[in-house]
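Whatever order the structure lists ligands and atoms in, that order sets their numbers, starting from 1. Numbering of residues begins at 1 and proceeds along the displayed sequence.
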Amino acid sequence: MPSDSPAPATAPTVVEPEPVLSIVSPCYNERGGLAELHRRLTAVCKSLALTYEIVLVDDGSRDGTGDEIRRLAEADPHVRGVLLSRNFGHQAAVSAGYDHARGQAVVVLDADLQHPPELIPEFVARWRGGCDVVYAYREGITPRLGYRVHNWLCDVKIPAEAADFRLLDRKVVDALRSLPERRRFVRGLVAWLGFRQVGIPYRQADRFAGTPAYTLRQHLRIRLDSVLNFSTAPLRLSVYLGLVTLLLGGLYAAYIIGTLVFVGRDAIPSGWPALIITVLILGGVQLVCLGMVAEYVGRTYEEVKRRPSYVVRELVGRGAGSEAPRP
Ligand code: UDP
Ligand code: MG
């Protein structure tokens with residue numbers, strides 16, 4: 001060993017005990033509500049009398065959410081922050097939270113307090129009772145169309161109106177993290193994983209502060225992800241569509257020929273409208289099918305690039321350098 005190498009550190013390294021419970025919250029422009037979220041989460045965790053950590057993921061907010069997380073982490077050693085380098089979207093932020101949570105059980109809830117933290121003790125009770133996945137579902141509302149389409153087309157069913165508000169046991173978190181997919185629809189992946197799952201109903205509260213961050217485009221994108229990432233049924237659909245069009249075209253051709261043979265040339269409807277309609281329908285069907293194939297090809301391309309689903313800019317809080325090891 002060269003003599004000028006630094007002497008081995010003599011200060012005892014403080015080994016952080018792994019917390020029992022990790023609470024993860026993705027935050028996008030949630031500065032106004034974070035203090036209240038922290039207050040309510042702390043009250044709940046203290047009442048549970050177990051070791052815990054709160055992992056706040058800043059998904060590239062523009063309103064100073066990152067600074068607010070830093071302030072909370074300085075004041076409370078239970079708080080850790082994962083600040084992403086830009087806005088990667090809710091699902092990526094949740095994935096980042098799972099990657100950085102160290103607890104034996106990991107609860108994810110929205111930062112806007114629409115998911116009542118007071119439900120967490122019930123999650124923990126079910127978990128201690130032997131459940132691996134405890135998810136909350138919204139009570140008393142009819143499942144949205146998106147869910148019904150998903151469950152109709154896909155083999156992996158998502159419980160109706162399951163929210164992104166759930167507790168996962170460590171072994172489920174590790175299984176989830178070991179899935180190689182980059183474009184993540186976490187709700188579907190959790191359903192796909194299986195394990196012992198139980199749902200508990202909850203009533204969704206109003207947003208505490210700020211405005212909904214999800215745009216219509218993001219909602220559409222997630223609905224598409226929910227079906228296309230879990231089913232190839234739309235590909236099959238394009239085949240059916242093609243077959244039906246062929247059949248209709250065949251029938252029409254038979255009708256024309258029949259008329260020509262049995263009634264005579266004059267009875268044939270003038271060709272122009274029929275021609276245009278046929279061309280339009282065929283063109284439309286072809287474009288739809290091509291678009292469907294393109295969606296899958298695009299997704300394959302995205303996955304093949306193997307880019308990470310998020311990039312971390314900075315970690316704040318105690319033991320900030322450590323990420324849970326990849327399973
Ligand atoms: N969120 C995020 N990144 C985004 C959009 C949303 O991390 O790009 C977070 C947001 O801060 C909130 C949660 O995801 O904690 C749910 O978002 P929102 O309340 O806008 O969705 P909604 O309640 O309308 O489903
Ligand atoms: Mg919300």
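- Considering both main-chain and side-chain atoms, Ala93 never comes within under 3.5 Å of ligand 1 through any nitrogen or oxygen pair.
- At least one N or O atom of Asp112, backbone or side chain, sits closer than 3.5 Å to an N or O atom of ligand 1.
- The side-chain heavy atoms of Leu84 and Val312, taken from C-beta on, include a pair separated by under 4.5 Å.
- Atoms of ligand 1 found under 4.0 Å from any heavy atom of Asn87, numbered from 1 in the order shown, are 3 (N), 4 (C), 8 (O).
- Listed by atom number, the atoms of ligand 1 under 4.0 Å from Ala111 heavy atoms are 15 (O).
- Shown here are the protein N/O/S atoms lying under 2.8 Å from the Mg ion (ligand 2), water excluded: Asp112 OD2, Gln114 OE1.
- Checked against ring pair (Phe, Tyr, Trp, His ring centres under 6.0 Å), His115 has the following partners two or more places apart in sequence or in another chain: Phe165, Tyr202.
- The environment of CZ in Arg313 is crowded: more than 12 heavy-atom neighbours from other residues, nucleotides or ligands sit within 6.0 Å.
- Proximity of Glu30 to ligand 1, defined as any heavy-atom pair under 4.0 Å, is confined to the side chain (atoms from C-beta onward).
- With a heavy-atom cut-off of 4.0 Å, Asp164 does not touch ligand 1 at all.
- Residues satisfying the ring pair (Phe, Tyr, Trp, His ring centres under 6.0 Å) test with Tyr52, not counting sequence neighbours, are His78.
- Under a 4.0 Å N-O distance rule, the pair Asp174/Lys171 does not qualify as a salt bridge.
- Close contacts between ligand 1 and Gln218 involve ligand atoms 8 (O) [criterion: under 4.0 Å to a heavy atom].
- Side chains of His90 and Asp59 form no contact here, defined as non-hydrogen atoms less than 4.5 Å apart.
- Of the charged side-chain nitrogens involved, at least one lies within less than 4.0 Å of a carboxylate oxygen, so that Arg166 and Asp164 count as a salt-bridged pair.
- Of all atoms in ligand 1, listed by their number and element, those nearer than 4.0 Å to a heavy atom of Gln114 are 19 (O), 23 (O).
- Only the side chain of Asp59 comes within contact range of ligand 1, with a heavy atom under 4.0 Å; no backbone atom does.
- Ion pairing between Arg71 and Glu68 holds under the 4.0 Å rule for side-chain N and carboxylate O.
- Phe185 pairs by the ring pair (Phe, Tyr, Trp, His ring centres under 6.0 Å) definition with nothing, not counting sequence neighbours.
- The NE2 atom of His38 sits 8.0 Å away from atom CG of Leu56, with the distance rounded to the nearest 0.5 Å.
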